[in-house]
Amino acid sequence: MAETEVSKKRKRPIVRLAVLLLSHSVLVSVICCTAGVFGLLLLPVLAKNTYISENALMPGSASSMLSNQEVSEANKLIKELNNLHSNPLGATTESHGIIAKYMSNLGAQVNNHKFHPQLNQFHPLHFFSGPDSGVMQENSTRSLYGINTVGIIRAPRGDGKEAIVLVTPYNAVKGGVRETLSLGIAYSVFSLLTRVTWLAKDIIWLVADSQYGEYAPVAAWLRDYHTPAFSNLDSLNTETCHVGNNNFESKISYGIRRSGTMAAALVLGVAYGNENEDTLGIYAEASNGQMPNLDLINIVHYLAVHRQGLRVKVEQFHWLLNSKWVKSLGEVFESLGKMVKTLNPDWKLGISAADYVEGAATLASSLYHQALGVPTGPHGAFRDYQVDAITLEFSLRISFDRLDRRNDFLLHGGRLIEGVIRSVNNLLEKFHQSFFLYLLTSPSKFVSVGVYMIAFALLVAPLPVVAASLYAKTLDLNPTSEKDKSATSNELGSVLQSWKWLNSVKTVFVVHFWGATVSLLPYFISQIPDSDPTTNFSVWILLSILSLEILRWILVSPSSHIYGLPQGEWAILKSATISSFFIGLGLMSVINFATAEIGALLMVPMALMAHPLKLDVRGQSLRSILRMICNLVLGVISFPPATFFVFKGVIEGFSGIKAGDFWNWVESLWAWNSATYLYIGMVHLPCWVLCVQILLHPC
Amino acid sequence: LAPLAAFGWVMGTHLSLYPGVLIIPLILLLGNGPDAPPRKLFLQRRCSKGGKNPSSDSSCQEEELFNQSKLPITFSWKPVIHFLFWASIWSVYVLVLCGISVKQNGGMLEMFKSTYGFILTVEDLSPNIGVLWYFFAEVFEFFRNFFLIVFHMNILVMILPLAIRLNHRPCFLAFVYIAISSMLKSYPSVGDSALYLGLLGWFVFELADLQFSFFLFWGCVGVSLLSPVMHNLWIWRGTGNANFYYATAMAFACFQIVLVVESVSAILNYDRKLRKLSVTKPVDGKS
């Protein structure tokens, strides 16, 4: 008795708070989850306007020097490239020869870079190693190769330690006016930069050979740029190439010239658009949800809108723009904002409904593309080397055949690029002032990590609370049962009671191991020749179910039921599941925050609400029936293929869905070494299987 | 038994310096006999059963179980001296062999400097799962020796009190020594933690009431998964820095400390429970 009094005096307020939280875990989890979802919906309201953080940049403070002289030179290049009438085999070398000639006429150093495009390979564990552990395969892809042409302007007053990179993907085989226009813009800027006096960093212009895709040549060039190879391959790389019709013999020497660390990179592209005005599209996402420094986007946006009169757009989900519930949510927030303003005019939380809808559509697209972990353009290759890069896509109203429109476009586009380069030229250090972790709700509005982390933390906070409360409840059940057991087996029984949770942990580990197996299966399935995606998908599902049954038969022993309490066993299993899911979510939020956010939205309600269906059927109260229905609905929706098909059906209509679409989507994930693939296979799927096991638990 | 134990101890100390502290539990184990029950409890059972042990010559009363004036000393020095003799033979043998093999590389002094000296002076500061590299990366040269002494005394200071408190359970004492030295040594690795976690299974009955075992387990799993991710973020991606990785190392050290403290308190509670049972049982038996 004296001991209990002493222990009561020793209970500190933090222990009492913890006990209070654990006893009201249901209320806490409901409040936190709704607050988390509400916080996510509130994000477009909380977005701030972008601003230039680095004072050295000063975009637009100097008047542009690009004039019609450079535009006319660019027109000459475009005309010469368009007039090439050679067969596809020689088109690449001829066009690259022309570009090299123009570059060297300006006085820049030119070199050709040869690369072998690597076909899609399955190495999802690439995340844990560096970016350049992909070794060139000498034997298989020797026949396929591409040539990048690189021109370097050395800054007359610089020390050659830094560089700014301009990339223009050019598909010589396809040809066309659109392809050559991006070359025209880049050439006009390049020719101006050979003559300016303010250049402090070297300028590298990479004309990437994009016949095997736009990403591969850029990635290959970056890899060779950053890994110096000391061998005499240079002598082996000079080749003579004969092009049939023109007897154009030239000795093409392959090698690589380097400049210094890259301060920033811009990838240019031109697209046919059917917009009402000239637009500039910005694509910023790199692999695994990494984003370039926000300042780079801010410079481009400022110069495009305030100097060149272009409209800037970032990707949006168009199906959200038309959806009714988003519009009604926008109206609710508008009225709330007005109410808050009447209370206190200083708080500027108001937002109009149209702005909210636009912001929500852009935010959803930004979140989704970051979550996929697949780069949205060739600029993604730069992020692996910690270089900030974005892709700019110009699109005009009318076709480009009219010369005056074309000149106008070249002038404005060239002035924009020149302004960006002039700003980046002022930098003394790498981009470091502005944000690296953000979500865009419009080209000029963003939500930073300090704001969106709160919504995620609220959504995830109930998980450890519920796990601890479930574990505490099973501990409380133990002493009552000890009195029932006989005295002889008391010691053994009590020992095994307190280590009982090891059985559930073993189940959790077995299911996670199965998840890892399922993640590795597509490697073997993709080796099957000539199979279409639907067959692959069905084979994958069959093999997964088979392996789950085999693992269950081997590893999970039936003896665990002897000492377990039938009442408490599912509670321990749920506690272990929630703990492992919490750890998985925490890890994923460090790697790729957007994946963790979407994964938490999909899975946390199901994990928290899982309750054996048999108990609910026996319960027969309104609460238990509601819970049973929720569990069934959530259980179906959280299965990854089911989620994919449901969303695809909602967005694009249910008529055109094929089973193979899911396989194609997953294939794109693992081909790009996205950590999202590992998350789906090793955190989301095992948690779903364990929750289904809890639902179907025999009590 | 003694030669084998001596060989193991000498080899352990030679390979890495820290198993040297295990000499104390070894001496206790050899002195008491490897199968001896915990001494205090044995005393009480003997007293309560009324003089079963023929070597006792004092009459003890059942009411005064805690006031023993004459403790029969069951600690024999003969195996201990045997062990020390064999330990010296093995260590001389090992040192002679080392001396022969390192003769062309600078001799014994150089060997001591590069092996034991390296462990003691913490020259290389590559990141590892321990807590020392970050400190010594920040410390000024003037204070380096002071901090070296502090960190090594951190382990040495804990040896004596633990030996006094846990001398009736030398196996558990060895476990605690291994745990503390694997946490606070200069270059720890996950293998050291694996060693003492494996030994945890030895005491599964005594540690049945380990509090926070669930929380500790999931904490250790979480930290061991988070550590490579933070390392990747720091070195390969460049969006983190050394603090991220060091935070996981500190969290790992925290969990190990909680594990050691809770296991010691669990063992002591177990001993108290046994003592209570052994007091109440003969009372029940009598009445």
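Values reported hereafter were calculated over all heavy atoms of this structure, with side chains retained and with hydrogens, waters and symmetry mates removed. Every chain is numbered from 1, with letters handed out A, B, ... down the list of sequences.
For A:A468, no part sits under 4.5 Å from any heavy atom of chain B, backbone or side chain. Contacts of A:Y471 with chain B are made by side-chain atoms alone, with heavy-atom separations under 4.5 Å and no backbone atom involved.
Atom CE of B:M230 sits in a crowded spot, with more than 12 heavy atoms from other residues, nucleotides or ligands closer than 6.0 Å. More than 12 heavy-atom neighbours from other residues, nucleotides or ligands sit within 6.0 angstrom of CG on A:L17. Counting heavy-atom neighbours within 6.0 Å of B:F215 CZ, excluding the residue itself, gives a total of 12 or less. Residue B:F135 qualifies as open at atom CZ: its count of foreign heavy atoms under 6.0 Å is 12 or below.
Put simply, of A:A467, A:P464, A:A576, the one with the most heavy-atom pairs under 4.5 Å next to chain B is A:A576.
Between A:F509 and B:F217, the ring-plane angle classifies as tilted under the 30° and 60° cut-offs.
If you take CG on B:N232 and CD1 on A:I591, they are separated by 8.0 Å, rounding to the nearest 0.5 Å. A distance of 10.5 Å separates CG in A:L587 from OG in B:S227, rounded to the nearest 0.5 Å. We find the OG-CZ distance between A:S504 and B:F214 to be 7.0 Å, quoted to the nearest 0.5 Å.
Here the closest non-hydrogen pair linking A:V505 and B:W218 is CG2-CZ2, 4.0 Å.
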